[in-house]
Undergrad: 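Pasting in a structure now, in structure tokens, and then I'll have a few things to ask.
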Number of protein chains: 2
Amino acid sequence: MTYTTTEENYIKAIYHLEHEHESVGTNLLSAAMQTKPASVTDMLKKLEAKKLLHYEKYRGFRLSDQGNKLALTIIRKHRLWEYFLVEKLGFNWDEVHVLAEQLEHVSSEDLIRRLDEFLEHPAFDPHGDPIPDVKGKFRKINQDNLLGLPLKKNLKVSAVKNQESEMLNLLTQYEIKIGTQLKILRRFAYDGSVEIRIEKNAATILSKQVAQHIYCNL
Amino acid sequence: MTYTTTEENYIKAIYHLEHEHESVGTNLLSAAMQTKPASVTDMLKKLEAKKLLHYEKYRGFRLSDQGNKLALTIIRKHRLWEYFLVEKLGFNWDEVHVLAEQLEHVSSEDLIRRLDEFLEHPAFDPHGDPIPDVKGKFRKINQDNLLGLPLKKNLKVSAVKNQESEMLNLLTQYEIKIGTQLKILRRFAYDGSVEIRIEKNAATILSKQVAQHIYCNL
DNA sequence: GTAACAATTTAGACAAATCTAAATTAATAA
DNA sequence: TTATTAATTTAGATTTGTCTAAATTGTTAC
């Protein structure tokens with residue numbers, strides 16, 4: 001079975017939404033896909049016909065096993081390409097997401113197998129997200145964001161869960177990247193901002209919006 | 001200006017046909033694109049509107065300067081990816097054409113610039129075809145096929161101008177690749193076949209169909 | 001329990017790239 | 001030069017993914 005780029009993008013979006021929200025509906029999906037709810041309904045029917053999801057009209061939908069598997073292979077391709085772009089071609093980590101969105105739809109199992117080998121089977125992409133293996137398995141890591149982690153502990157940044165250039169640029173400004181050592185000094189209830197010390201530098205305050213996307217290992 | 005994958009494929013096909021035939025028409029192009037002549041006419045109008053070619057109905061068409069430039073950037077991308085697939089990922093030269101057809105449509109000047117750098121500016125792809133530089137310039141080489149080259153001279157294979165897997169497989173069988181040394185012993189007028197000696201091996205006879213696609217430097 | 005509202009779906013239309021069948025133009029051959 | 005043939009184009013339809021506007025279903029507040 002082969003799938004169009006659009007179909008693949010829907011499947012990927014549904015996968016991510018299912019992991020970020022406990023309930024996913026037509027409206028939420030249409031926002032994520034930047035289309036209208038009516039268009040989503042049309043596509044849901046098509047994806048159900050292809051057995052990529054379970055769907056009952058007006059009641060909801062969720063990925064089938066097959067859909068889940070497809071999502072993982074797309075995510076695997078995306079993250080391998082991101083790793084390639086940063087490690088081999090020297091891109092900055094904030095430039096690669098858009099490119100990987102194109103490359104992830106190139107269809108060839110053989111290509112991905114060889115790319116994975118060439119890159120020596122990386123386990124994490126440049127943003128710290130785990131790369132699924134051929135079977136869709138990936139390392140589960142215990143991580144939380146700066147809003148939930150304990151104070152005064154030595155932490156190491158393990159992931160950044162927002163791929164927008166503006167966000168990643170800001171992090172470069174703060175000198176925060178994957179692997180950066182930091183300590184949470186305190187939280188301000190008023191606006192949810194977080195004071196941290198990065199390595200041995202002076203303390204800085206991160207807004208809640210920024211802090212919630214920075215993850216460290218427990 | 002951005003172009004759809006289909007538009008790019010038309011432009012690339014027209015470029016190649018213009019270099020292989022002195023006259024290119026709707027029928028020839030439709031055969032190359034595996035579509036019907038009527039579809040070609042529709043696309044010609046669209047490409048003219050985008051100023052990629054000059055077109056007068058019933059009279060003919062040819063690439064404009066802009067179209068020519070676009071063709072060269074697509075060919076550049078295609079050949080760089082082929083080089084990458086063979087040299088870095090270890091593909092055989094007969095497997096890469098189809099993959100490169102997908103990769104060539106990934107749009108990012110930056111990506112190609114970096115890929116070119118990573119590969120250390122290769123001048124020829126794995127089939128011996130020259131890779132255009134950023135400005136669309138490429139090394140002109142004096143080469144001819146085994147039907148036109150002189151007898152009894154030491155020759156070196158510089159290109160194979162047929163990317164079908166069956167053809168390239170056959171060459172592997174004969175142990176012919178880019179750089180192979182050979183000598184033409186004689187030609188048989190009856191069927192156009194050519195007797196050659198490859199390196200120090202026993203003599204073999206190649207059919208006309210095969211011989212015409214093997215090119216050597218003069 | 002039902003009225004109001006929100007979420008979702010249907011109906012009908014459109015652009016891109018294609019098709020078939022019919023019409024038109026150009027080339028050629030007598 | 002004109003008739004025939006070949007090449008090309010037009011007309012009208014189809015598929016994919018999208019849209020708007022209207023209808024339907026489900027949920028929630030009273």
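Per chain, numbering begins at 1; letters A, B, ... match sequence-line order.
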Undergrad: Would you say A/Thr4 reaches D/dG17's phosphate, i.e. side-chain N/O to OP1/OP2 under 4.0 Å?
TA: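 It does, given that an N or O in the side chain of A/Thr4 lies less than 4.0 Å from OP1 or OP2 of D/dG17.
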Undergrad: Counting only side-chain heavy atoms from C-beta out, which of D/dT20, D/dT18, D/dT16 sits nearest to A/Lys46?
TA: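 Nucleotide nearest to A/Lys46's side chain: D/dT16.
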Undergrad: Using the ring of B/Tyr55 (Phe, Tyr or Trp, six-membered ring only), decide whether B/Lys45 places NZ or CZ under 6.0 Å from its centre and within 45 degrees of its axis.
TA: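 That pair does not qualify as a cation-pi contact.
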Undergrad: Could you work out how much the helix from C/dG1-D/dC30 to C/dA30-D/dT1 bends, comparing the axis of its first five pairs with that of its last five, to 10°?
TA: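 End-to-end axis angle: 10°.
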Undergrad: Starting at the 5' end of DNA chain D and moving along, which residue's nearest nucleotide shows up first, A/Arg59 or B/Val24?
TA: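 Residue closer to the 5' terminus by nearest nucleotide: B/Val24.
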Undergrad: Round to a whole Å and report the spacing from CE of A/Met43 to P of D/dC19.
TA: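 The answer, rounded to whole Å, is 11 Å.
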Undergrad: Any Lys/Arg nitrogen of A/Asp110 or A/Arg114 sitting under 4.0 Å from an Asp/Glu carboxylate oxygen of the other?
TA: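 A salt bridge links A/Asp110 with A/Arg114.
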Undergrad: For D/dT18, does either OP1 or OP2 sit under 4.0 Å from a side-chain N or O belonging to A/Ser39?
TA: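 For D/dT18, OP1/OP2 do not have a side-chain N/O of A/Ser39 under 4.0 Å.
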Undergrad: Going by an N to O cut-off under 4.0 Å, is there a salt bridge joining A/Lys12 and A/Glu104?
TA: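 A/Glu104 and A/Lys12: salt-bridged.
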Undergrad: Rounded to whole angstroms, how far apart are NZ on B/Lys50 and C1' on C/dA17?
TA: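 Going from NZ in B/Lys50 over to C1' in C/dA17 covers 12 Å.
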Undergrad: Tell me: CZ of B/Phe61 to C1' of D/dA7, nearest whole Å?
TA: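 The distance from CZ of B/Phe61 to C1' of D/dA7 comes to 12 Å, rounded to the nearest Å.
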Undergrad: Give B/Thr41 one of three labels, base, sugar-phosphate or nothing, depending on what nucleic acid heavy atoms sit under 4.0 Å from its own.
TA: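 Base contact - B/Thr41 has a heavy atom under 4.0 Å of at least one base atom.
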Undergrad: Looking at A/Thr35, does any N or O in its side chain come under 4.0 Å of the phosphate oxygens OP1/OP2 on D/dG17?
TA: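 So the side-chain polar atoms of A/Thr35 never come under 4.0 Å of the phosphate oxygens OP1 or OP2 of D/dG17.
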Undergrad: Please tell me if the side chains of B/His54 and B/Leu63 come closer than 4.5 Å, counting only heavy atoms from C-beta onward.
TA: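 They are not in contact (no side-chain heavy atoms under 4.5 Å apart), so the answer is no.
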Undergrad: Would A/Lys69 and A/Asp65 pass as an ion pair if we require N to O under 4.0 Å?
TA: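 No, this pair does not count.
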Undergrad: Does A/Tyr55 make a side-chain N or O approach to OP1 or OP2 of C/dT8 shorter than 4.0 Å?
TA: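 Answer no for this pair, as no side-chain N or O of A/Tyr55 is under 4.0 Å from OP1 or OP2.
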Undergrad: Nearest whole angstrom, please: distance from the P of C/dA16 to the CE of B/Met33.
TA: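 So the two atoms are 17 Å apart, to the nearest Å.
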Undergrad: Can you tabulate the close N/O pairs, meaning under 3.5 Å, that link protein atoms to atoms of nucleotides 22-25 of chain C?
TA:
residue	atom	partner	partner atom	Å
C/dT24	O2	B/Tyr58	OH	3.4

Undergrad: Measuring to OP1 and OP2 of C/dA17, would you say a side-chain N or O of B/Lys36 lies under 4.0 angstrom away?
TA: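 Result: no.
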Undergrad: Side chains of B/His78 and B/Glu101: any donor to acceptor distance under 3.5 Å?
TA: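 Absent: no donor and acceptor within the cut-off.
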Undergrad: Donor-acceptor pair, B/Ser193 side chain versus B/Phe188 backbone, under 3.5 Å?
TA: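 Side chain of B/Ser193 to backbone of B/Phe188: no pair is present.
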Undergrad: Once you round it to whole Å, what is the distance between C1' of D/dT16 and CD of A/Glu8?
TA: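 After rounding, the gap between these two atoms is 16 Å.
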Undergrad: Tell me the interatomic distance from A/Leu28, atom CG, to C/dA6, atom C1', rounded to whole angstroms.
TA: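 Going from A/Leu28 (CG) to C/dA6 (C1'), I get 15 Å.
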Undergrad: May I ask you to establish whether A/Lys50 and A/Tyr3 are in a cation-pi arrangement, using a distance under 6.0 Å from NZ or CZ to the six-membered ring centre and at most 45° from the ring axis?
TA: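 The answer is no; the distance or angle limit is not met.
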Undergrad: Within the structure shown, what part of the strands sits under 4.0 Å from B/Tyr10 by heavy-atom distance: base, sugar-phosphate, or nothing?
TA: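 Counting heavy atoms under 4.0 Å across all strands, the contact made by B/Tyr10 is with sugar-phosphate only.
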Undergrad: Where the side chain of A/Asn27 is defined as all heavy atoms beyond and including C-beta, which of C/dA7, C/dA16, C/dT20 is the nearest nucleotide?
TA: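 So the nucleotide nearest the side chain must be C/dA7.
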Undergrad: Between atom CG in A/Leu29 and atom C1' in C/dA7, what is the gap in whole Å?
TA: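 Whole-Å distance recorded here is 13 Å.
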Undergrad: In whole angstrom, give the distance that lies between atom CG of B/Asp42 and atom P of C/dA15.
TA: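 The distance from CG of B/Asp42 to P of C/dA15 comes to 15 Å, rounded to the nearest Å.
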Undergrad: Think B/Lys88 forms a cation-pi with B/Phe118, using NZ or CZ under 6.0 Å from the six-ring centre and within 45 degrees of its axis?
TA: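 Geometry flag: set, cation within 6.0 Å and 45°.
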Undergrad: Is B/Arg76 salt-bridged to B/Asp116, going by a charged N under 4.0 Å from an acidic O?
TA: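 Yes.
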